[in-house]
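Data block below; observations after.
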Amino acid sequence: ELNVVGDEPGTLRLAATLDIDGLTGSERVRVMARLGSALSYSEHERAVALALGSLELARIEGDRNALAYAIRCRLRGWFDPDQVDKRVALAAELTAIGHDLDDGVTESWGLRWQTITNFDSGDVDEIERACRELAALAQRLHLPNQLWSAAIRLAALRVFQGRFNEA
């Protein structure tokens, strides 16, 4: 996977890949999703079009792994304040896909995005629940980055609540 945020040669390579004949639908989903994610901070409208197109194509293809990837890419860099409910729902869908596929890594990404999006919705109970579930899953699967993510979000919540010693 290319890390191409702010990397023009990387985004150009992804864009050129979309023009390749013979890509499967699922391959096209992944390239569109990744390019949309990479452009999320620099070309917002194009990024949104690519992201929504990748989600639609993934649903048409019926490839839940590609859909999970497209959701992860869509959630990154999507901070429109008027679409919090949609982000919360998409994060929950990602968690459910991971659970249904018995794919703990995908499930952990869904939980991670739930902790983030629920900060925007202000749902303290959901932040708590998602942080606990993410920490337990990350511990079980030995995912240190996800364990860190749960810890910092729970600490941020404790600061928000004025529970500084716990933070």
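Counting begins at 1 with the first residue of the sequence. Keep in mind that the numbers below use all heavy atoms, side chains included, and drop hydrogens, waters and symmetry copies.
The side chain to side chain contact (heavy atoms under 4.5 Å, CB included) check on Asp103 picks up Asn65, Leu101, Val105, Thr106, with sequence neighbours excluded.
Note that CH2 of Trp113 and OG of Ser108 are 12.5 Å apart. Values are rounded to the nearest 0.5 Å. In this structure, the separation between CZ on Phe79 and OG on Ser40 is 7.5 Å, given to the nearest 0.5 Å. Of the inter-residue distances, the one linking Leu94 atom CG with Gln114 atom CD reads 8.5 Å to the nearest 0.5 angstrom. Atom CG in Leu134 sits 12.0 Å away from atom CZ in Arg132 (nearest 0.5 Å). The structure places CG of Leu67 at 5.0 Å from CZ of Arg59, a figure rounded to the nearest 0.5 Å. Between the CG atom in Leu90 and the CG atom in Asp85 there is a gap of 12.5 Å [rounded to 0.5 Å].
At a threshold of 4.5 Å between side-chain heavy atoms, the hydrophobic network of Ile, Leu, Val, Met, Phe, Trp and Tyr places Leu55 and Trp109 in one connected group. When hydrophobic clusters are built by joining Ile, Leu, Val, Met, Phe, Trp and Tyr residues whose side-chain heavy atoms come closer than 4.5 Å, directly or via intermediates, Ile71 is not grouped with Leu50. No continuous path of hydrophobic side-chain contacts links Tyr41 to Leu52 [ILVMFWY only; heavy atoms under 4.5 Å].
In this structure, Glu128 pairs ionically with Arg158, as a charged nitrogen and a carboxylate oxygen lie closer than 4.0 Å. With respect to the salt-bridge test (charged N to carboxylate O, under 4.0 angstrom), the residues Arg30 and Glu27 do not qualify.
Counting non-hydrogen atoms of other residues, nucleotides and ligands closer than 6.0 Å to CD of Glu56 gives a total of 12 or fewer. In Asp21, the CG atom is not crowded: 12 or fewer heavy atoms of neighbouring residues, nucleotides or ligands sit closer than 6.0 Å. Residue Gln83 qualifies as enclosed at atom CD: its count of foreign heavy atoms under 6.0 Å is above 12. Applying the 6.0 Å contact sphere to CG of Asp80 captures more than 12 heavy atoms from other residues, nucleotides or ligands.
Side-chain N/O atoms of Ser121 and Glu126 include no donor and acceptor closer than 3.5 Å. Between the side chains of Arg153 and Ser149, at least one donor N or O sits under 3.5 Å from an acceptor N or O. Checking Thr95 against Glu107 by side-chain atom types alone, no donor-acceptor pair falls below 3.5 Å. A donor and an acceptor atom, one from each side chain of Asn145 and Arg112, are located under 3.5 Å apart.
Scanning all heavy atoms of the two residues, the minimum distance from Ala150 to Cys131 falls at CB-O, 3.6 Å. Heavy-atom minimum distance, Gly25 versus Leu57: O-CD2, 3.6 Å. Closest of all the heavy-atom pairs between Met32 and Ser54 is CE-N, 3.4 Å. Listed here is the closest heavy atom pair of Ala66 and Val29: O-CG1, 3.6 Å. Nearest heavy-atom pair, Leu111 versus Ala130, reported as atom, atom and distance to 0.1 Å: O-CB, 4.0 Å. Pairing each heavy atom of Thr11 with each of Ala38, the nearest pair is CG2-CB, 3.8 Å.
In this structure a side-chain-to-backbone donor-acceptor pair under 3.5 Å is missing from Arg46 to Gly36.
You'll find the side chain of Leu141 reaches within 4.5 Å of the side chain of Leu137, heavy atoms only.
As a member of the Ile/Leu/Val/Met/Phe/Trp/Tyr network built from side-chain separations under 4.5 Å, Phe119 groups with Val124, Ile127, Leu154, Leu157, Phe160.
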Stepwise side-chain contact (heavy atoms from CB on, under 4.5 Å) check, Val88 with Asn118
CA-CA 7 Å; Val88 168; Asn118 282 306; 4.0 Å; yes
Would you check, one step at a time, whether the test side-chain contact (heavy atoms from CB on, under 4.5 Å) holds for Val48 with Arg74?
CA-CA 8 Å; Val48 169; Arg74 174 64 179 130; 4.0 Å; yes
